[in-house]
J.: 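Below you'll find the structure I mean.
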Amino acid sequence: MKDMFGSPGSVSGLMLRIGQCVCAAASMAWMVSASGFSNYTAFCYLLASMGLQVLWSFGLACLDVYALRIKKDLQNAVLVSLFVVGDWVDKKLPSNVYPWRQVTATLSLGAACSSAGIVVLYARDLHFCTNPKMHLPCSRFEISIAMAFITWFFIAISSHVMFWLLASA
């Protein structure tokens with residue numbers, strides 16, 4: 001297998017996982033700090049999606065730290081396949097292989113897009129963010145959504161790398 005940026009068990013892979021984990025956690029923190037977020041399904045969906053992303057990214061970061069510490073190569077076909085299952089949806093795999101994680105990358109993008117749609121609707125179309133009677137913390141929502149999109153960008157890089165590593169196996 002090739003040695004690529006973001007490969008499992010490499011320093012760049014560890015930094016990619018830490019970036020995913022930190023950005024997802026920041027997205028969650030900004031959303032939770034916004035009063036009234038739980039009244040909107042899209043924001044709750046974003047929070048749940050980022051929670052799953054934090055768990056997955058933290059687990060992979062721990063695996064990378066372990067591999068770096070004992071100088072173990074994680075680039076074998078079985079492990080890369082598990083990474084791919086985590087980052088991509090593979091309909092050919094049985095549903096009992098990480099069923100909660102198979103769609104997290106898709107969930108993250110969907111949650112970020114739906115939340116962004118709600119904020120655009122409220123801020124630009126309905127002007128709820130500037131209405132003193134509404135008291136919506138739109139800036140906190142926007143920061144949380146931006147962090148979710150950054151998280152998804154890191155997921156996209158990771159998915160691309162894992163796909164090419166699996167293809168070169």
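Everything numeric here is computed off the predicted structure, so don't read it as measured data. By convention here, the first residue in the shown sequence is residue 1.
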J.: Answer whether the closest heavy-atom distance between the side chains of Ile150 and Met147 falls below 4.5 Å.
T.: yes

J.: Under the side chain to side chain contact (heavy atoms under 4.5 Å, CB included) criterion, do Phe154 and Ile18 qualify, and how do the steps go?
T.: CA-CA 10 Å; Phe154 286 136; Ile18 289 173; over 6 Å; no

J.: Looking at every non-hydrogen atom in both residues, tell me the closest pair between Cys21 and Phe58 and how far apart they are.
T.: SG-CB, 3.9 Å

J.: Kindly indicate whether the side chain of Cys129, heavy atoms from C-beta on, has any atom under 4.5 Å from the side chain of Met134.
T.: no

J.: Any link between Leu14 and Val161 through a network of hydrophobic side chains (Ile, Leu, Val, Met, Phe, Trp, Tyr) touching at under 4.5 Å?
T.: no

J.: Minimum heavy-atom separation for Tyr45 and Ser114, please, with both atom names.
T.: CD2-OG, 3.8 Å

J.: Does any donor atom in the side chain of Arg17 or Ser158 lie under 3.5 Å from an acceptor atom in the other side chain?
T.: yes

J.: Do you know the tightest heavy-atom contact between Val32 and Phe37?
T.: CA-CE2, 3.8 Å

J.: Using a 4.5 Å cut-off on heavy atoms from C-beta on, say whether the side chain of Pro8 contacts that of Leu63.
T.: no

J.: Assess the pair Tyr122 and Phe128: is the distance between their ring centroids shorter than 6.0 Å?
T.: yes

J.: Which atoms form the tightest heavy-atom contact between Thr151 and Gln20, and what is the distance?
T.: CG2-O, 3.8 Å

J.: Counting distance only, does the side-chain N/O of Ser12 pair as donor-acceptor with the main-chain N or O of Phe5 below 3.5 Å?
T.: no

J.: Tell me the closest heavy-atom pair linking Ala148 and Leu46, and the distance in Å.
T.: CB-CD1, 3.5 Å

J.: With a 4.5 Å limit on heavy-atom distance, are the side chains of Asp64 and Ser10 in contact?
T.: no

J.: Looking only at heavy atoms, which two atoms of Trp152 and Ser108 are closest? And how far apart?
T.: CD1-CB, 4.1 Å

J.: Trp56 pairs by side-chain contact (heavy atoms from CB on, under 4.5 Å) with which of Leu60, Val54, Leu52?
T.: Leu60

J.: Report yes if some heavy atom in the side chain of Phe149 is under 4.5 Å from a heavy atom in the side chain of Cys113; otherwise report no.
T.: yes

J.: Closer than 3.5 angstrom, by distance alone: can the side chain of Ser33 be matched with the main-chain N or O of Trp30 as a donor-acceptor pair?
T.: yes

